Amino acid sequence: MLQIQLIRENPQQVIDRLKVKNFNAENIIHEISQLDVEIRASKKLLDDNLMAQNQYSKEIGQLFREGKTAEANELKAKIVDLKLAEKKYQEILLQKAEEIQGKLVLLPNLPHSSVPHGKGAEDNEIVYTEGDASDFDHQVMTHWDLVKKFDIIDFDLGSKITGAGFPVYKGKGARLQRALINFFLENATENGYTEIQPPYLVNEDSAYATGQLPDKEGQMYYCAIDNLYLIPTAEVPVTNMYRDVILKESDFPVKNCAYSACFRREAGSYGKDVRGLNRLHQFDKVEIVTIEHPDRSYETLEKMKTYAMSLLTQLGLPFRVLRLCGGDISFTSALTYDLEVYSKAQQRWLEVSSVSNARDYQARRGQMFRLIV
RNA sequence: GGAGAGAUGGCCGAGUGGUCGAAGGCGCACGCCUGGAAAGUGUGUAGAUGCCAAAAGUGUCUCAAGGGUUCGAAUCCCUUUCUCUCCGCCA
């Protein structure tokens with residue numbers, strides 16, 4: 001969520017920046033500014049009212065101690081009127097606060113100045129390429145044929161036990177999967193990331209705080225009886241460790257990595273996108289999260305990008321790095337790099353990693369408008 | 001699942017209706033003392049947010065969370081969450 005102070009002080013700047021994301025904020029910013037003024041005025045009225053009540057209450061206590069019951073009762077009568085007014089102010093304030101909150105959450109994060117203009121994937125900027133993707137002239141097999149040939153990943157067996165999108169890794173397939181997880185975790189640890197083993201189910205508060213709710217409700221598996229959600233990424237539990245936590249400046253940077261199985265319903269996916277391992281309901285991922293001082297956030301993003309690239313280099317995979325354009329970047333991100341590896345068999349680039357800077361937008365998400373008393 | 005006890009500042013811990021945003025201690029910061037340090041000693045030490053151009057100042061809110069009683073709640077009542085103890089259940 002964007003800070004109200006930012007909108008208060010630089011409304012035009014916010015509008016201009018959001019244009020890069022093809023978001024027309026003109027009207028909504030105007031409405032928010034208007035509400036902000038009204039809220040602060042109402043808040044003043046309410047505070048003054050409460051101050052008067054507090055003062056009278058103190059006097060009443062004093063009078064009772066002195067035995068002046070009659071005078072105390074007079075003051076009590078005054079407070080009755082104040083209370084009526086208070087209730088009215090409270091209602092107005094609550095209503096306006098809800099209104100402004102409802103508008104603030106509609107605003108995406110401001111994109112960084114380096115984010116290219118554009119509508120979709122075709123406008124993303126290729127910032128780096130490594131390795132030669134056209135290297136394989138020999139006959140290539142798709143991974144779904146390969147794993148069948150060697151019997152290391154069994155999609156049919158997964159369908160039998162659970163359903164489509166839940167593969168069974170067998171023998172060397174299971175070992176390869178475990179080795180890759182280990183490879184990523186070991187590298188992360190060597191690079192200063194503290195390993196976390198998070199819960200795979202999270203409560204409603206956590207799902208809201210990292211933005212899965214209410215947007216992606218239908219995309220998460222849900223245990224109704226306990227009101228818990230299966231995590232779509234380790235980002236959810238790991239980031240939520242810091243929910244409602246105020247870090248000291250000396251705590252920076254906080255660096256965590258976590259392996260988890262990830263669960264996604266992927267409702268609406270179809271066709272070749274879901275062949276083989278391309279899109280699964282359960283898959284494995286190693287996540288890295290850094291919480292850093294605002295002054296160093298972009299510098300840190302570059303470091304994380306470079307770190308992710310080094311993993312692909314170590315694995316010897318040809319890859320490229322994209323800077324996502326305004327139309328393709330996510331709602332909460334200010335700057336995102338996607339790392340893509342080329343699949344000769346599928347003849348397309350496949351996203352294997354994505355690094356984003358959410359700045360303070362994520363940190364302020366779930367922080368409600370704090371004018372309500 | 002049942003019964004009981006509890007949740008107070010960075011930490012420990014007092015506080016059962018007003019003078020309590022909260023004793024005391026620890027920790028921390030600054031000063032005194034000292035050649036320097038320790039010990040001793042003095043002072044200070046929560047956060048969010050509003051008003052004000054800003055500072056100074058000042059208002060409001062916060063004693064797990066939410067609601068209620070009252071002129072007034074850390075304190076009384078209700079609900080929820082979490083922790084501990086006992087009983088039950090446990091693929």
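The analysis underlying the following values was restricted to heavy atoms, covering all of them including side chains, and did not include hydrogens, waters or symmetry mates. Bear in mind the structure is a predicted one, so any value in this text is a computation, not a measurement. To find a chain, count down the sequence lines: A is the first, B the second, and so on, and within it residues start at 1.
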J.: Hey, which sits more toward the 5' end of RNA chain B by its nearest nucleotide, A:Met51 or A:Gln62?
T.: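 This one resolves to A:Gln62.
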J.: Can you say whether the rings of A:Tyr342 and A:Trp349 are parallel (under 30°), tilted (30 to 60°) or perpendicular (over 60°)?
T.: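 A:Tyr342 and A:Trp349: perpendicular rings.
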J.: Charged N to carboxylate O below 4.0 Å: is that the case for A:Asp145 and A:Lys149?
T.: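 Looking at A:Lys149 together with A:Asp145, the answer is no, because their closest N to O distance does not fall below 4.0 Å.
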J.: Report all interatomic pairs (protein N or O, nucleotide N or O of nucleotides 63-72 of chain B) with separations under 3.5 Å.
T.:
unit_1 : atom_1 : unit_2  : atom_2 : d
B:rC71 : O2'    : A:Ser57 : OG     : 3.0
B:rG72 : OP1    : A:Lys83 : NZ     : 2.8
B:rG72 : O4'    : A:Ser57 : OG     : 3.4

J.: Show the distances under 3.5 angstrom between N or O atoms of the protein and N or O atoms of nucleotides 75-81 of chain B.
T.:
none

J.: Sticking with atom P, work out how far B:rA14 lies from B:rA53, rounded to a whole angstrom.
T.: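 Here B:rA14 and B:rA53 have their P atoms 47 Å from each other.
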J.: Taking B:rC84 as the reference, what is the distance to B:rU8 when you measure between their P atoms (whole Å, please)?
T.: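 Result for the P pair: 14 Å, nearest Å.
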J.: Roughly, in whole Å, what's the span from CG in A:Leu93 to C1' in B:rU49?
T.: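 So the CG-C1' distance, A:Leu93 to B:rU49, works out to 12 Å.
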J.: For RNA chain B, whose closest nucleotide is more 5', that of A:Gln55 or that of A:Gln5?
T.: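 This one resolves to A:Gln5.
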J.: Return the nucleotide paired to B:rG4: Watson-Crick means purine N1 to pyrimidine N3 with N6-O4 or O6-N4, wobble means G-U with N1-O2 and O6-N3, both under 3.5 Å.
T.: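 Partner of B:rG4: B:rC84.
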J.: Kindly point out which of B:rU60, B:rG50, B:rG18 is positioned nearest to the side chain of A:Arg8?
T.: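 Of all the options, the side chain of A:Arg8 is nearest to B:rG50.
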J.: Before accepting this row, confirm whether a basic side-chain N of the pair A:Lys103/A:Glu31 lies closer than 4.0 Å to the acidic partner's carboxylate O.
T.: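 Judged by the 4.0 Å cut-off on N to carboxylate O distance, A:Lys103 and A:Glu31 do form a salt bridge.
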J.: State plainly whether the residues A:Glu302 and A:Lys305 are in salt-bridge range, i.e. N to O under 4.0 Å.
T.: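 Yes, A:Glu302 and A:Lys305 are salt-bridged.
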J.: When you check the phosphate oxygens OP1 and OP2 of B:rC61, does a side-chain N or O of A:Asn54 lie under 4.0 Å from one of them?
T.: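 So the side-chain polar atoms of A:Asn54 do come within 4.0 Å of the phosphate oxygens OP1 or OP2 of B:rC61, strictly under.
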J.: Write down the distance separating the P atoms in B:rA5 and B:rG9, rounded off to the nearest Å.
T.: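 Taking atom P in both B:rA5 and B:rG9, they lie 22 Å apart.
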J.: Aromatic rings A:Phe331 and A:Tyr361: how do their planes relate, parallel, tilted or perpendicular, breaks at 30° and 60°?
T.: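 Ring orientation of A:Phe331 relative to A:Tyr361: perpendicular.
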J.: Sequence neighbours left out, what passes side chain to side chain donor-acceptor pair (under 3.5 Å) with A:Asp48? Give chain and number order.
T.: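 Partners of A:Asp48 under the side chain to side chain donor-acceptor pair (under 3.5 Å) test: A:Lys44.
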J.: Are the charged groups of A:Lys285 and A:Glu287 less than 4.0 angstrom apart, N to O?
T.: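 A:Glu287 and A:Lys285: salt-bridged.
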J.: Determine, stepwise, if the pair A:Tyr200 / A:Tyr229 fulfils ring-ring contact (aromatic ring centres under 6.0 Å, His included).
T.: CA-CA 8 Å; A:Tyr200 287 6; A:Tyr229 295 85; over 10 Å; no
J.: Return the pairing partner of B:rA48 with a 3.5 Å limit on both distances, Watson-Crick or G-U wobble; otherwise return none.
T.: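 Pair assignment: B:rA48 / B:rU60.
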J.: Would you indicate what A:Asp48 reaches in the nucleic acid, counting non-hydrogen atoms under 4.0 angstrom: base, sugar-phosphate, or nothing?
T.: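 No contact.
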J.: Take atom NZ of A:Lys255 as the centre, draw a 6.0 Å sphere, and report whether it contains more than 12 heavy atoms from other residues, nucleotides or ligands.
T.: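 Enclosed.
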J.: Provide the distance between the two C1' atoms, one in B:rC63 and one in B:rG31, to the nearest whole Å.
T.: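 Per the computed distance, 33 Å lies between those C1' atoms.
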